[in-house]
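Input: a single structure, listed below in structure tokens.
For ligands, and for the atoms within them, numbers begin at 1 and follow the listed sequence. Remember, predicted model here, so these are calculated numbers, not experimental data. Only this structure's heavy atoms are used, side chains among them; waters, hydrogens and symmetry mates stay out.
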Amino acid sequence: MSIATDPVPVIAIDGPTASGKGTVAQRVAADLGWHYLDSGALYRLTALLALRRALSLTDEASLSALALTLPVRFSGARIELDGEDVSDAIRSEAVGEAASKIAVLSGVRSGLLDRQRACRRAPGLVADGRDMASVVFPDAPFKLFLTASAGARAERRYKQLIEKGFSVNFDSLLRDLLERDARDASRALAPLVAATDAVVIDSSALSIDQTVAQVLAQWHDRAGG
Ligand code: DC
């Protein structure tokens, strides 16, 4: 094995909305000293820009062009769109909902593909989303499907949104989450499903620390230490 020709390793973490995959992926990346890709943020950024420009969420040509030319900059936890800090704005339910709608369009998905693959840089990448294992990094040496019950996920999302100062209603949040799950799982393109070679972890009864520890232990097992 030659280090010079070995592909940069990727840990692909897919899962439904609010499964904790973002937090887990960031912690795993920090522990390994690897890069981190929040692919959902790219769909959310495209959606935010589309909403601001009052584009129809079915206008595939305009939305695909937006996805291709997204003026985004990631610096640590800060996400900038055209120089403006939109890290919190992209987390609103309205933007998440719009992101899920535009994510069904093949032009949007292909417009974001190169940008996601360009994040694969040494020493490694932890990438989270819906199709990291199936489409974006099909050769990832470790594929993980992180899930949790709808109730546990709705509770986590509720706490996150309250902490960010959004006003939310738990019941409508749970309903939206179930709707979004159905849309993400039933779409024709890159639907949310566990890859056949993915390890499935249900984190309903696990803390973030326990989940991170499980992921790291499994990675170190595979990587041989
Ligand atoms: O992970 P998230 O909630 O930030 O993602 C927002 C939406 O973006 C989600 O409902 C579906 C879409 N998405 C996708 O289709 N593929 C990805 N790799 C990531 C997100």
Side-chain H-bond candidate by donor/acceptor type, [X] with [Y], under 3.5 Å:
{"X": "Ser100", "Y": "Arg183", "value": "yes"}
{"X": "Asp202", "Y": "Ser204", "value": "yes"}
{"X": "Ser203", "Y": "Arg156", "value": "yes"}

Among Gly22, Ala18, Ser39, closest by any non-hydrogen atom to atom 19 (C) of ligand 1: Ser39
Sub-4.0 Å heavy-atom approach of Glu97 to ligand 1: no
Residue pair Asp128, Val24: steps toward the side chain to side chain contact (heavy atoms under 4.5 Å, CB included) verdict: CA-CA 9 Å; Asp128 90 63; Val24 170; over 6 Å; no
Which of the numbered atoms in ligand 1 are under 4.0 angstrom from any heavy atom belonging to [X]?
{"X": "Thr17", "value": "3 (O)"}
{"X": "Asp184", "value": "9 (C), 10 (O), 11 (C)"}
{"X": "Ala103", "value": "12 (C), 15 (O)"}
{"X": "Lys21", "value": "1 (O)"}
{"X": "Gly129", "value": "18 (N), 19 (C)"}
{"X": "Met132", "value": "18 (N)"}
{"X": "Arg44", "value": "2 (P), 3 (O), 4 (O), 6 (C)"}
{"X": "Gly40", "value": "4 (O), 5 (O), 19 (C), 20 (C)"}

Atom 7 (C) of ligand 1 [closest protein heavy-atom partner, distance rounded to 0.1 Å]: Ala99 CB, 3.8 Å
Atom 16 (N) of ligand 1: the protein heavy-atom neighbour that sits closest, reported with distance to 0.1 Å: Arg109 NH2, 3.0 Å
Candidate pair Arg91 and Gln160, rule side chain to side chain contact (heavy atoms under 4.5 Å, CB included), full reasoning: CA-CA 9 Å; Arg91 301 295 162 200; Gln160 270 174 6; over 6 Å; no
Check whether any side-chain heavy atom of [X] sits under 4.5 Å from a side-chain heavy atom of [Y], and report yes or no.
{"X": "Leu66", "Y": "Leu55", "value": "yes"}
{"X": "Val168", "Y": "Arg157", "value": "no"}
{"X": "Phe142", "Y": "Val199", "value": "yes"}

Ignoring angles and geometry beyond distance, decide whether [X] reaches within less than 3.5 Å of ligand 1 through its nitrogen or oxygen atoms.
{"X": "Arg187", "answer": "yes"}
{"X": "Arg130", "answer": "yes"}
{"X": "Tyr43", "answer": "no"}

Backbone of Val95 reached by a side-chain donor or acceptor of Arg44 within 3.5 Å: no
Arg120 with Asp139: basic N within carboxylate O range, under 4.0 Å: yes
